[in-house]
Structures are given as C-alpha cells and as structure tokens.
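Predicted model, so just to flag it, every value in this text is computed and none were measured. Quick note on labels: first sequence line is chain A, next is B, and so on, each numbered from 1.
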Amino acid sequence: MTVPKIRNVFERFLEVLVIAIMVSLAVLVVVGVVFRKVGAALVWYDEVASILLTWVTYYGACLAALKRSHIGFPKVMQAIRRELQLPLLVVREVAVIGFFALAAWAGLRVSAILEGTYLISIPTVSKQLTQSVIPIGAVLFIIAELLSLYGVFGEPDAGTGEEGVP
Amino acid sequence: MTLLLMFVGLLALVVIDVPIAIALGIIAALAMAMTSGLETLPNVALVLFDSTTKFPLIAIPLFILAGAIMNVSGISRRLIAFASALFGFVRGGLAMVTIGASLFFAEISGSAVADVAALGSILIPAMKQKGYSTPFATAVTSSAATLAVIIPPSIPMILYAVISGSSVVELFVAGIIPGVLGGVLMMGVAYALAVRHDFPVEEVFRLRRLWMTFREAGWALLLPVIILGGIFSGWVTATEGAGLAVVAAFALGLFVYRELEWRKLRQALIDGGVQTAIVMLLVATSALLGNYLTEVQVPQRVAQGLIEFADSRLLILALLNVFFLIIGLFLHSAAAIILVVPIVMPLVHATGIDPVHFGLIVTLNLGIGQQTPPVASVLVTACSVAKADIWEVSKVNVFFVAVLAAVLLLVTYVPIVSMVLVNLFYR
C-alpha cells in the first residue's frame with residue numbers, strides 16, 4: 001500500500017468519525033430541547049453533549065492536522081532560504097509530535113487512575129471510555145502529522161495554515 | 001524571568017510554524033514541568049479533557065455547522081438576491097448588497113470566515129464583472145464579514161462569555177446596535193467610494209422584484225427571527241438556539257429550497273467539524289497555559305500594575321483598547337480571547353467596567369485584528385477567494401477599518417450604545 005493510499009484511507013476514516021460525532025451532537029441538542037419542552041428533560045443530555053464536543057475537538061483536530069489547517073504563522077518559514085527550511089521543519093515536527101506523545105502518555109496515566117469510575121448521569125458508562133479520546137486522539141494526531149508530511153514533500157500545494165473560524 | 005522565557009519560547013515555536021494551539025500547549029507543559037516537577041505532567045491530559053467539556057461551547061460547532069449548511073443549500077444566494085433588490089438601486093449597489101447580505105448572514109452563522117467564504121465567492125466575481133476594482137470588491141466583502149462577530153450570534157462572544165463568566169445572551173443583545181450602526185456606516189463609506197470611482201447602479205428599484213425576492217428568501221429571513229427570538233426571549237439557551245439553527249438550515253435546504261444534496265451536506269459536516277476542532281484545540285491548550293499563569297498569579301499582577309499606572313477608568317479603557325488592537329494584529333481572535341481575557345478580567349472587575357460592555361470592546365478590537373495584517377484571518381480568506389494582493393486590498397480596506405475603529409471608540413466611551421438594550425430588557 002502506497003503512502004497516498006494509506007493517507008486516503010486514514011482521511012476517510014477520520015471524516016466518517018467526525019461526521020458521526022457532528023450529527024450525533026446536533027441531534028442530541030435538538031432532542032434535548034424537545035424533551036425539556038415537553039417536561040421530560042433528559043438528565044444525561046448535558047454531560048453526553050459535552051463529551052461529544054471533546055471528541056469532535058480531538059478527532060477533528062487530527063483531520064485538520066492531516067490537511068495542515070491548524071492556525072499558524074507560516075510566513076516566516078516561507079520567506080527564509082530553502083536550505084534552512086528543512087532543519088526548522090524537523091524541529092517543528094519534533095515539537096508537535098513530542099507534545100502529542102506527552103498527551104498520549106498523560107492520557108494513559110489518567111485512564112489507569114480512572115478505572116472503576118463512571119459518568120454521573122449514566123452510571124453504566126465508564127469514564128475510561130469517555131477520556132480515551134485523549135490518548136487515542138493524540139496517537140491519531142501523530143499519525144496524521146506524519147502522513148501530512150507527504151503533502152509537504154510530495155505535493156507543492158500543501159496547506160497554508162491560515163484557516164480559522166471566528 | 002520564567003514568563004520572559006515562556007514568551008520567547010512561544011514566539012520561537014510560532015515563527016517556525018508550529019500551530020499556535022500546539023505551541024501554547026508545549027510552553028505550558030514545559031512551564032509546569034520546570035516549576036512543579038515532572039509528576040504534574042499527567043494533569044496535561046486532565047486539563048485537555050476538562051477544558052473542552054463546557055456545555056455553552058457546544059454552540060460553536062452548531063453555529064459553524066448551520067453556516068456551512070446555509071452555504072451549500074442555496075440560502076446565501078437567496079439572501080444576496082433579496083439584498084440586491086433592496087439596496088441595488090444605490091450607486092455602488094453591489095457593495096451595498098454585500099454589506100446588507102453580510103448583515104443577514106451574520107444573524108445566523110456567527111463566523112466571519114464562514115461569512116466571507118459564503119458571500120465572497122458569489123459577490124466578489126460579480127463586482128469584478130461590473131467594473132469594480134478587485135481591491136475594492138475584496139475590501140468591502142472582508143470588512144462587512146467582520147460584522148458577523150459583532151452581530152448575534154457570534155462565536156468570539158460565546159468564547160468570551162464562557163471565559164469571563166458573562167451572559168452569552170446579554171453579549172448578543174449588546175452587539176445589535178453597534179453591529180447595525182457599523183453596517184450603515186460601511187454603506188456610507190462604500191457609497192462615497194462608489195461615487196468617487198463611478199461604480200454602477202446594480203438595478204432599478206422595483207417593488208415587484210423586492211416582493212418576489214422577499215418571498216424567495218422569506219424562509220431564510222425567518223431563520224434569525226426564530227433563532228435569535230428564541231434565545232433573547234429565554235425560550236432556549238444559546239446552545240439550544242444553535243441546535244435549532246442547524247435543524248432550520250437543514251430543513252430549508254432539503255425540503256423548501258431542495259438544493260441540499262448528500263455530497264454537499266457531507267462536506268458541510270466535515271468542514272464544520274474541522275473548523276470546530278481548530279478553535280477548540282486552541283481552547284484546550286490555552287487552558288493549560290491559563291492554569292499555569294493563574295497559579296503564578298499573572299492576571300492579578302497585571303491588574304495591580306495597570307491600576308498603579310493609570311487610575312482613571314477612561315485611561316484604563318484606552319490602554320486596554322491599544323493592548324487588544326496590538327494583540328489582534330498578531331493573534332487569531334479565538335486565541336486572543338482565550339489567552340488574554342483571563343489575564344485582564346481582574347482589572348476589568350477592579351475598575352468597575354461592566355464585563356458585557358468590555359466583551360463588546362474585546363470583540364470589536366479583535367474584529368479589527370481580522371482585517372489588519374500580518375495575521376488578518378478574514379482579510380486573508382477574502383484575498384484568497386478574490387485572488388487579490390493583500391497589500392493592495394489593505395489600501396482600500398483602510399476606509400472600512402476606520403468605520404470599525406469609529407464604532408469601537410463609540411462603544412468604548414459611550415457605553416449606552418451597546419448597553420441600552422441590555423439594561424432595558426435584562427437588568
């Protein structure tokens with residue numbers, strides 16, 4: 001399997017995940033409003049919606065990493081000489097991957113501590129499951145970052161890092 | 001000394017293009033390890049998780065998604081047609097249409113980038129075709145889009161409300177008068193420039209056409225009435241209102257206008273998810289840094305220092321304005337709010353400035369930052385849509401940025417402009 005193929009499969013996987021979470025979040029909020037208005041408020045609605053927000057944050061961040069669209073300041077790197085760009089790019093990647101490696105390790109430590117604890121509103125759902133997004137998301141982010149490097153070296157039209165919302 | 005090292009480290013990481021969100025996380029983790037020991041590092045995972053589980057923040061992905069669905073379901077096009085029938089008879093009519101359509105779009109989406117991407121792709125080529133200069137067409141689209149962050153709903157306001165502990169609804173209401181005022185003043189500037197450069201009239205005013213476009217866009221125009229009406233009346237919260245916005249945009253695109261296809265909806269969901277993640281990752285890693293700064297009492301020290309330096313409220317407001325304008329030049333608005341607001345809030349409370357009034361001041365400052373290079377997220381998006389040179393556009397954009405600055409000064413020193421509706425309905 002070639003790198004572009006792996007990248008495509010990985011991108012599709014993240015897209016499906018993000019779509020599923022976004023749809024669930026929107027449906028949950030609307031269902032929550034309806035139930036509250038008919039006087040049968042769902043007790044688990046706030047807690048589950050907040051967890052979905054966290055999940056879309058980290059799995060969506062992996063997709064943004066794959067497209068290299070996180071907010072950055074690429075102008076200095078673009079302006080410097082090419083022979084300096086490669087060593088600085090290596091430093092950049094070590095910094096980014098290092099941070100997510102730390103997050104993955106920290107996430108696993110927390111997960112071990114959380115064994116046997118459950119959500120307040122749904123006592124059957126383990127907190128280990130909800131917090132798994134940190135170590136899993138961090139590992140997926142590292143994979144996305146590495147795969148996105150193919151875009152930087154292999155394709156001239158790599159992302160600009162100037163996305164953003166508000 | 002530690003703070004200086006942190007700042008230099010952050011700057012170095014940003015300069016080598018480490019995403020701002022991740023640079024903040026790296027610096028915070030290093031500071032934690034150096035000052036409190038390696039054993040505190042598992043807290044990184046706890047803060048990254050907890051900081052993103054704030055219920056009011058759920059409004060962000062939902063408003064972004066509503067904007068993305070509007071964009072692909074023909075709603076933007078109908079809003080433009082209605083604005084054209086309403087304002088198109090004035091000289092430089094397409095510029096008025098751009099500002100008017102931005103006002104309507106802003107009432108549903110809350111994101112300036114979504115606004116410029118949705119309207120710019122239709123209106124900038126149309127203006128160029130009619131003989132408007134590319135820099136003018138780009139500048140008016142870009143600056144008008146910034147109205148989206150003042151007019152409710154507004155994503156920066158949601159962020160500010162969560163971080164400062166203010167009411168989202170009161171912030172939304174405070175933005176109405178300055179937002180409409182900004183739109184009217186921008187139309188005035190656009191008209192003056194249109195007369196000077198002899199830009200054409202778009203179409204003759206015809207009541208029949210206005211009625212027809214109103215009927216076409218009627219459902220879309222009803223969206224803000226339902227969403228904002230629901231939020232302002234207290235029938236739903238801002239988060240629930242955002243959920244309703246998604247359902248309404250989806251239902252309009254699918255059942256009324258019948259232009260929403262699965263392929264487009266899929267893309268809107270992906271775009272919405274990615275844009276949410278970009279903002280929310282900033283929220284998460286800024287919380288890491290914020291926790292550290294609070295631990296070493298930076299906000300309190302900044303507040304104390306500024307109070308000793310300037311004891312007048314007006315002077316402190318002026319200093320805060322300059323501070324936020326400079327921050328807005330270099331930081332994305334979400335990052336600026338998340339990083340700086342917790343630091344200045346003790347000062348705001350100590351000097352008796354209303355947090356809602358201050359929220360609008362912050363939002364306006366950062367709105368100007370969206371238009372001023374080097375970062376200028378909205379201007380960059382507009383230039384990318386128009387394939388225009390950022391410096392050429394900036395030369396024209398100065399006039400529109402001046403409008404935003406005038407509204408900022410008015411809001412800062414005449415608080416009643418933003419607070420009158422809040423005081424009338426909520427206090």
Task: Distance in Å, Phe99(A) CZ paired with Leu24(B) CG, rounded so as to fall on 0.5 Å steps - done: 9.0 Å

Open item on the list: Please classify the contact of Ser111(A) with chain B as side chain, backbone, both or neither, using a heavy-atom distance under 4.5 Å.
Closed with: neither

- [ ] Could you tell me whether a side-chain N or O of Lys37(A) sits under 3.5 Å from a main-chain N or O of Trp235(B), the two making a donor and an acceptor?
- [x] yes

Task: Donor on one side chain, acceptor on other, Ser50(A) and Thr53(B), under 3.5 Å - done: no

TODO: Using non-hydrogen atoms and a 4.5 Å limit, figure out which bit of Leu366(B) sits close to chain A: side chain, backbone, both or neither.
DONE: neither

TODO: Look up atom CE in Met280(B) and atom CG in Leu53(A), then write down how far apart they are to the nearest 0.5 Å.
DONE: 4.0 Å

Open item on the list: Rounded to the nearest 0.5 Å, what separates atom NE2 in His70(A) from atom CD1 in Ile20(B)?
Closed with: 12.0 Å

- [ ] Heavy-atom distances under 4.5 Å only: say whether Leu281(B) touches chain A with side chain, backbone, both or neither.
- [x] both

- [ ] First locate atom CD1 of Ile16(B), then atom CG of Leu84(A), and finally report the distance between them rounded to the nearest 0.5 Å.
- [x] 12.0 Å

Open item on the list: Less than 4.5 Å to any heavy atom of chain A: does that hold for the side chain of Leu288(B), its backbone, both, or neither?
Closed with: side chain

Open item on the list: Does any backbone or side-chain atom of Thr146(B) lie under 4.5 Å from a heavy atom of chain A? Answer side chain, backbone, both or neither.
Closed with: neither

Task: Ring centre gap for Phe55(B) and Tyr45(A) strictly below 6.0 Å - done: yes

Open item on the list: To the nearest 0.5 Å, what is the distance between CG on Asp17(B) and CZ on Arg92(A)?
Closed with: 5.0 Å

TODO: Answer with side chain, backbone, both or neither: which region of Val15(B) has an atom nearer than 4.5 Å to a non-hydrogen atom of chain A?
DONE: both

Task: Side-chain donor/acceptor of Tyr58(A) to backbone N/O of Ala277(B), under 3.5 Å - done: no

Open item on the list: Take a 6.0 Å sphere around CD of Glu83(A) and say whether it holds more than 12 heavy atoms from other residues, nucleotides or ligands.
Closed with: yes

Open item on the list: With a 4.5 angstrom heavy-atom cut-off, is it the side chain or the backbone of Ile337(B) that approaches chain A, or both, or neither?
Closed with: neither

Open item on the list: With rounding to the nearest 0.5 angstrom, report the CG to CG distance, Leu46(B) to Leu114(A).
Closed with: 7.0 Å

- [ ] Please look at Val236(B) and chain A and tell me whether the side chain, the backbone, both or neither of the residue comes under 4.5 angstrom of a heavy atom of that chain.
- [x] both

Open item on the list: Tell me if a side-chain donor or acceptor on Arg109(A) pairs with a main-chain N or O of Pro42(B) at a distance below 3.5 Å.
Closed with: no

